[in-house]
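Values reported hereafter were calculated over all heavy atoms of this structure, with side chains retained and with hydrogens, waters and symmetry mates removed. In listed order, ligands and their atoms are each counted from 1. For clarity, every value in this text was computed on a predicted model and none was experimentally measured. In this chain, numbering begins with 1 at the start of the sequence shown.
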Amino acid sequence: MPTVDQAEFTRTMAHVPTPVTVVTTVDAAGRRWGFTASSFSSLSLDPPLVLVCPAKTASCHDAFVSAGQFLVNVLAAGQKEIAGAFARSGADKFAGTPMEPCEFGLPGLAAATARIACTLHEVLDGGDHSILVGRVESVFLGGAEPLVYHNRRFTKPRTSVTLAATS
Ligand SMILES: Cc1cc2nc3c(=O)[nH]c(=O)nc-3n(C[C@H](O)[C@H](O)[C@H](O)COP(=O)(O)O)c2cc1C
């Protein structure tokens with residue numbers, strides 16, 4: 001069995017640009033949970049599915065698995081402080097970040113460039129992470145330039161596009 005060197009794997013994956021999202025949910029007791037995630041991806045058009053992968057060791061992991069719904073907030077280019085805040089374990093991640101109640105009453109980031117509200121479709125095993133497959137129930141597109149994570153830095157797309165209105 002060929003095994004890949006972990007440092008080489010990490011270095012190689014750092015070369016791949018990813019989106020930066022803050023994924024939120026609320027547990028049965030009404031407590032808000034959230035974490036910064038670059039493992040977000042579109043999965044299927046019919047049915048409309050996306051996926052995001054929380055580490056099994058994350059304190060929010062079980063809340064996401066049992067909540068039954070989650071909200072993906074796609075960060076805009078100017079929101080790297082929010083990405084940092086929601087990647088910090090232990091602190092009150094929601095303090096000081098403007099939030100608004102969104103779909104299913106889930107906490108939404110007021111200035112996110114897009115939001116994708118999901119019901120939990122399936123939880124798959126992904127090694128040291130879980131793969132949360134979400135069925136997309138509603139979407140919101142603000143249209144600001146997205147934040148990108150590349151080579152362990154927050155950056156923005158090299159080219160900007162103007163989104164056509166779809167009304
Ligand atoms: C840009 C960036 C992307 C991240 N992506 C993920 C991810 O996809 N999955 C994950 O489990 N943690 C990811 N993290 C780390 C988590 O945000 C961090 O460990 C989180 O605070 C864990 O949640 P907890 O506070 O509930 O333990 C990422 C961190 C950063 C800065």
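- Inspection of the Gln69 and Thr119 side chains reveals no N or O donor paired with an N or O acceptor under 3.5 Å.
- Partners of Phe154 under the ring-ring contact (aromatic ring centres under 6.0 Å, His included) rule, at least two apart in sequence or in another chain, are Tyr149.
- Under the 6.0 Å cut-off for aromatic ring centres, Phe86 and Phe94 qualify, their centroids lying closer than that.
- Within 4.0 Å of ligand 1, protein heavy atoms come from Phe35, Thr36, Ala37, Ser38, Ser39, Cys53, Pro54, Ala55, Ala58, Ser59, Cys60, Phe86, Ala87, Arg88, Ser89, Lys93, His129, Tyr149, Phe154.
- Val20 has its side chain within reach of Thr36: a pair of non-hydrogen atoms, C-beta onward, lies under 4.5 Å apart.
- Checking His61 against Ser130 by side-chain atom types alone, a donor-acceptor pair falls below 3.5 Å.
- Aromatic pair His150/His15: centroids less than 6.0 angstrom apart.
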